[in-house]
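A note on names: the letters A, B, ... follow the listed sequences, proteins ahead of strands, and every chain is numbered from 1. Side chains included, hydrogens not; waters and symmetry mates left out as well; all remaining heavy atoms used. All figures in this text were calculated on a predicted structure; none of them were measured in a lab.
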Amino acid sequence: MRAGAAPADSAAPTGAARPRLDVARVRADFPILQERVHGKPLVYVDNAATSQKPRQVIEALLRYYATENANVHRGVYYLSEHATALYEGAREKARRFLNAREAREIVFVRSSTEAINLVASSYGRTHLGTGDEVLVTAMEHHSDIVPWQLVCEQRGAALRVIPMDERGVLCVDEVPKLIGARTKLVALVHVSNSLGTINPVAEIVALAHARGVPVLVDGAQAAPHLLIDVQALDCDFYTVSGHKMFGPTGIGLLYGKAERLDAMPPYQGGGDMIRSVTFEKTTYAPLPAKFEAGTPHIAGAVGLGAAIDYLATLEWHQVEAHEADLLVYATASLAGVPGLRLIGTAPRKASVVSFVLDGVHAHDVGTIVDREGVAIRTGHHCTQPVMDFFGVPATARAAFAFYNTREEVDALVAAVRKVREVFG
Amino acid sequence: MADLGDLYQQIIIDHNRNPRNFRKLDDANRTAHGDNPLCGDKITLYLRLDGEVIADAGFQGSGCAISKASASLMTSAVKGKTATEAERLFHAFHAMVTADPLAPPDSGSLGKLAAFAGVRQFPARVKCANLSWHTLHAALEASPTPVTTDDRTTGPGAGG
């Protein structure tokens with residue numbers, strides 16, 4: 001089972017004697033995988049952009065709107081109480097999913113991006129001053145760069161960057177030198193969306209905490225691949241995107257240690273986040289309501305809860321073994337294509353393979369493989385600094401989920417070979 | 001269904017591999033920059049206007065085969081034409097690549113540029129073909145603002 005077990009940084013066990021993931025059975029849960037595109041079976045390997053949804057999530061959304069819909073936290077009638085129980089039940093599921101200590105440490109937000117903006121705005125505005133620094137990494141998604149730039153600009157603070165090497169591995173040795181007296185926060189990505197690198201989060205958190213600096217971890221790409229234990233990581237904040245972990249779009253999670261969130265001012269004002277309002281003075285609700293102004297995305301939370309329940313039905317060591325196999329197989333198969341260069345070759349990676357083809361722009365690759373039914377992402381993946389570092393304008397990226405197969409890797413590789421035919 | 005060959009015509013593959021006029025003009029008197037932030041296509045267009053006539057044209061930049069071939073064929077097409085004739089081509093080209101994919105292409109006046117008629121069947125790639133033309137338009141108008149084809153309501157999205 002998945003919920004709250006192994007440490008989040010643990011490597012995938014690949015014991016041969018254990019039963020394998022029943023991929024055919026898992027695929028049957030995802031209706032869209034039966035679709036055909038341009039007359040070919042859909043090969044969906046753009047999972048780092050968004051994942052597909054199992055029937056269980058789709059049905060939870062349908063059931064919610066068809067039979068359970070009401071606003072939460074304010075009605076005294078049955079339906080509202082039921083919707084509230086569903087919404088708060090989803091929060092408890094999220095708590096278990098991340099192994100947070102308390103449910104009030106889980107804030108529902110619209111996305112991982114909003115979670116980071118919440119912390120940048122609320123924590124940043126109150127803790128950053130002139131000359132202070134926020135430390136990020138060279139492989140951050142724009143959503144973990146720009147919010148910090150915005151608040152740094154307002155506060156006269158500066159952004160500093162942990163470098164990486166040519167494999168896409170963070171230079172952890174540099175971290176102690178980069179954390180100084182002016183460092184107010186470290187923000188780093190758990191799993192890189194464009195390189196696949198799994199970062200040594202617990203190690204960096206320990207280095208930062210040794211200097212009294214809190215750490216935010218962008219977990220948008222980690223949640224679909226790794227078991228996450230925020231207590232074992234000891235991070236101060238952790239962000240999750242619902243739609244990248246088989247849930248609906250428009251819902252995400254912010255985990256924050258209760259003492260951190262308690263000390264932070266509200267992010268947005270509105271209904272539901274107050275204790276009392278007069279024209280003279282407003283007092284705020286306790287956690288987590290303080291950070292949930294307005295009617296929340298109740299259906300989204302319910303759908304995300306269903307996704308968490310779905311993941312809990314899978315044997316996670318089987319998922320990890322299957323994804324590790326897809327990564328090794330895809331890496332080897334793609335490396336055999338003439339003129340193909342892999343971007344991101346860290347020893348610890350999630351099942352993400354970025355590549356460039358000699359003399360062919362990634363968008364041409366994307367268009368041609370699409371005609372073979374293969375959906376990959378092409379572009380800068382919202383990580384322009386990573387593209388600049390590797391000296392490429394864009395890459396093509398295949399990001400595998402547990403429902404992908406070796407046959408789909410073969411289809412991808414055949415489609416990429418087709419690009420060579422078109423371009424000669 | 002649109003065929004890949006409709007998009008990647010031989011002439012486009014050729015101009016991608018060996019782009020014509022792929023150089024900076026040291027004596028340019030009009031320059032414009034264009035970019036396509038979602039794709040990463042970038043172009044700098046150089047024109048030498050001799051009165052009303054485009055006496056020379058060159059470009060530099062990076063991008064996909066469609067954007068590079070489009071800039072290559074465009075610079076070849078507009079050399080020797082007046083600014084007004086070039087603007088007319090711009091409108092004809094734009095109309096061709098954004099036309100209804102099911103209607104027969106109207107590429108009568110476009111000569112070699114008709115090779116881009118297939119682009120209209122690949123909506124995500126229309127702005128690749130259009131980028132150099134929008135940049136030409138800006139250069140002719142001596143617009144100081146860099147051109148961007150960033151229209152998120154029709155283009156392919158960002159995302160993860």
Side-chain angles (χ1 to χ4, degrees), chain A residues 37-40 46-51 111-113 141-143 191-194 218 220-221 224 241 243-244 249 352 357 359-372 375 377-384 387-388 391-397 399 415 418-419 421-424, chain B residues 1-19 22 34-44 60-72 101 116 118-132 149-150 152 155-160:
Chain A
V37 171
H38 303 309
K40 309 264 171 61
D46 191 18
N47 295 289
T50 196
S51 59
S111 58
S112 178
T113 296
H141 189 280
H142 295 164
S143 64
V191 172
S192 157
N193 73 311
S194 52
D218 168 0
Q221 299 293 339
S241 157
H243 73 91
K244 293 191 201 287
T249 54
V352 173
L357 267 188
V360 186
H361 191 279
H363 279 118
D364 297 312
V365 176
T367 293
I368 294 168
V369 303
D370 172 57
R371 294 285 133 171
E372 303 301 310
R377 174 95 355 188
T378 55
H380 53 59
H381 317 294
C382 296
T383 56
Q384 285 181 356
M387 300 297 113
D388 292 344
V392 295
T395 73
R397 179 192 68 191
K418 186 126 194 169
V419 177
E421 281 170 37
V422 171
F423 276 80
Chain B
M1 187 187 81
D3 187 78
L4 267 183
D6 295 341
L7 182 67
Y8 294 106
Q9 305 253 334
Q10 201 49 47
I11 187 171
I12 291 177
I13 297 287
D14 171 49
H15 277 254
N16 171 55
R17 199 174 298 146
N18 304 301
F22 192 66
D35 85 305
N36 190 337
L38 291 182
C39 308
D41 294 344
K42 286 191 177 80
I43 178 177
T44 303
Q60 287 185 311
S62 63
C64 65
I66 305 302
S67 72
K68 205 189 274 184
S70 177
S72 173
F116 292 93
V119 170
R120 71 211 161 101
Q121 298 175 67
F122 295 78
R125 305 305 298 277
V126 168
K127 62 184 179 299
C128 308
N130 265 337
L131 175 63
S132 57
T149 60
D150 191 358
R152 314 263 162 133

May I ask you to name which of S67(B), C128(B), G63(B) has the most heavy-atom pairs under 4.5 Å with chain A?
G63(B)
Measure the spacing between CG of L4(B) and CD of E421(A) and express it to the nearest 0.5 Å.
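So the gap between those two atoms works out to 10.5 Å.
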Starting from the C-alpha separation in whole Å, work towards a yes-or-no answer on side-chain contact (heavy atoms from CB on, under 4.5 Å) for H361(A) and N16(B).
CA-CA 10 Å; H361(A) 191 279; N16(B) 171 55; over 6 Å; no
Test item: D364(A) side-chain N/O and A65(B) main-chain N/O as donor-acceptor pair under 3.5 Å
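Pair found, side chain donor or acceptor close to backbone of A65(B).
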Salt bridge or not for D3(B) and R371(A), using N-O below 4.0 Å?
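No salt bridge links D3(B) with R371(A).
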If I compare all heavy atoms of H363(A) with all of R125(B), which pair ends up nearest, and what's the gap?
O-NH1, 3.0 Å
Sort I66(B) into side chain, backbone, both or neither according to what part of it lies under 4.5 angstrom from a heavy atom of chain A.
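Both the backbone and the side chain of I66(B) come within 4.5 Å of chain A.
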